[in-house]
Structures are given as structure tokens and as C-alpha cells.
Amino acid sequence: MRRTLSHIAVFTALLAALSACGPRKIPKDDLEKIYYDMFVLDQYLVGKSEFRRQTDTSLVYEGILEKYGYTTDDYLYSMEQYLRDADRFSKLLGRVAARLTEEAKRVQGEIEFRDWKKKWDKYLPDYDMDSLLNSYVTDSTYLDILSTYTPPEYL
């Protein structure tokens with residue numbers, strides 16, 4: 001009985017050691033997050049001229065892969081696996097693109113609202129627009145109306 005248990009323990013340890021060797025396939029949910037972060041990093045680096053040369057290498061992505069607990073080998077192995085089913089990979093990238101589009105719309109809305117507040121700050125310098133909006137605007141409908149209203153040019 002002891003002999004059997006020791007054999008099972010050794011076999012389990014060998015399986016664990018063998019499974020730890022070699023690259024792992026990154027699950028699609030993690031890969032979507034990784035691609036999202038890669039696209040955002042790409043756009044950031046494109047805007048920074050001092051980093052443009054680095055964007056041509058995959059070395060800049062190692063930090064993203066590490067963030068999610070993966071290595072470059074895991075990523076390359078995963079790409080090999082996912083590219084075998086082009087439709088599935090295309091859908092994965094489509095979900096990433098949809099998430100990027102939603103985030104861009106959200107950020108654009110924040111920028112437009114900030115600009116709107118600046119415009120009103122010019123006309124009402126004695127009022128704190130943040131506290132004014134927080135005090136009087138409780139319904140999102142009013143906020144929508146306010147955010148689309150532009151003051152007359154003669155003010």
C-alpha cells in the first residue's frame with residue numbers, strides 16, 4: 001500500500017513537472033485583455049516620437065504579458081494555436097475592437113463634457129460648475145440637455 005502511494009506521488013510530481021515545461025495556451029478572455037492593452041500601448045507609443053523605434057519590436061509587450069502571468073513563448077504558442085481557426089481569431093479581435101470603440105466613445109464624451117464645462121466657466125467665473133451640477137442635476141436627462149446646450153455667443 002505504501003509502495004502504491006509513493007508511486008502515485010512520484011507520478012503526480014512528474015506530471016506536474018512536465019506540465020510546467022513548455023508554453024501554455026493563453027485563454028481567449030486573457031488574450032482579449034492582452035490585445036486591448038497592446039493596442040492602447042501602441043497608440044500611446046505612436047504619439048511619443050522618442051518611443052517609435054521600440055514599437056517595431058515585441059519587447060515592449062513583455063510587460064503586458066507579465067501583467068497577466070504569461071511569457072513571450074506562451075504568446076507565440078497561443079498565436080500558433082488561435083491562427084489555426086481564423087474565424088475564431090477574427091471574432092476575438094472583433095470583440096477587442098468593440099471594446100476599444102466603446103472606450104474611445106467614453107473618453108470622447110469626457111473630453112466634450114470637460115470642454116463644455118470650460119466654456120461655461122468662462123461665462124460664470126464665480127460658480128464652481130462641479131458643485132453646481134452635483135447640486136442641481138440629479139437626473140441624467142437634465143445632464144444630457146445641459147451637455148448639448150451651448151451658450152449664446154453674445155454672453
Side-chain angles (χ1 to χ4, degrees), residues 1-121 129-130 133-134 136-150:
M1 181 69 166
R2 281 186 178 188
R3 197 179 201 177
T4 305
L5 287 176
S6 65
H7 281 99
I8 291 173
V10 169
F11 181 71
T12 305
L14 281 173
L15 272 178
L18 288 175
S19 66
C21 297
R24 301 173 293 160
K25 183 179 177 185
I26 301 172
K28 69 177 182 174
D29 292 340
D30 284 351
L31 194 59
E32 285 180 25
K33 294 173 189 172
I34 288 169
Y35 270 125
Y36 176 85
D37 288 353
M38 285 179 169
F39 285 127
V40 170
L41 178 62
D42 268 350
Q43 290 307 302
Y44 174 78
L45 293 175
V46 165
K48 302 285 185 184
S49 60
E50 65 271 18
F51 296 122
R52 279 199 189 130
R53 290 179 60 199
Q54 291 179 357
T55 59
D56 294 336
T57 69
S58 61
L59 297 176
V60 296
Y61 302 127
E62 284 182 1
I64 294 172
L65 294 171
E66 287 175 10
K67 172 182 170 183
Y68 293 98
Y70 299 105
T71 65
T72 303
D73 288 340
D74 293 336
Y75 174 75
L76 294 174
Y77 176 76
S78 298
M79 288 300 81
E80 185 179 304
Q81 299 301 310
Y82 282 106
L83 288 174
R84 290 181 179 171
D85 185 355
D87 289 337
R88 189 169 136 189
F89 187 66
S90 176
K91 288 177 185 175
L92 183 144
L93 290 178
R95 289 189 298 273
V96 173
R99 184 175 169 206
L100 288 164
T101 301
E102 282 300 313
E103 182 67 9
K105 286 179 186 177
R106 186 190 66 76
V107 169
Q108 184 62 37
E110 287 180 10
I111 291 169
E112 288 171 3
F113 187 71
R114 185 195 65 211
D115 293 345
W116 174 84
K117 278 179 32 179
K118 280 182 185 176
K119 188 184 299 185
W120 276 100
D121 285 343
M129 287 303 287
D130 286 327
L133 287 172
N134 290 335
Y136 296 105
V137 179
T138 56
D139 186 356
S140 64
T141 305
Y142 294 124
L143 187 58
D144 291 341
I145 292 168
L146 283 175
S147 65
T148 58
Y149 179 75
T150 53

[X] versus [Y]: any side-chain heavy-atom pair under 4.5 Å?
X: Arg99; Y: Lys33; answer: yes
X: Tyr61; Y: Asp42; answer: yes
X: Tyr44; Y: Val40; answer: no

By side chain to side chain donor-acceptor pair (under 3.5 Å) - contacts of Gln108 (at least two apart): Glu112

Residues forming a side chain to side chain donor-acceptor pair (under 3.5 Å) with Tyr82, sequence neighbours excluded: none

Without placing hydrogens or testing angles, list every side-chain donor-acceptor pair under 3.5 Å for residues 83-97, not counting sequence neighbours.
unit_1	atom_1	unit_2	atom_2	d
Asp85	OD1	Arg88	N	3.4
Arg95	NE	Glu32	OE2	2.5
Arg95	NH2	Glu32	OE2	2.8

Partner residues of Glu103 under the salt bridge (Lys or Arg N to Asp or Glu O under 4.0 Å) criterion, sequence neighbours left out: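 Expected list: Arg106.
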
Nearest-0.5 Å distance that lies between atom OG in Ser78 and atom CG in Asp30: 9.5 Å

side-chain contact (heavy atoms from CB on, under 4.5 Å) involving Tyr75 - partner list, sequence neighbours excluded: Ile26, Leu31, Tyr35, Met38, Leu65, Met79

Salt bridge (charged side-chain N to carboxylate O under 4.0 Å, His left out): pairs with one or both residues in residues 64-75, sequence neighbours excluded: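 As it turns out, the salt bridge (charged side-chain N to carboxylate O under 4.0 Å, His left out) pairs with a partner in residues 64-75, which skip direct neighbours, are Arg24-Asp74, Asp37-Lys67.
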
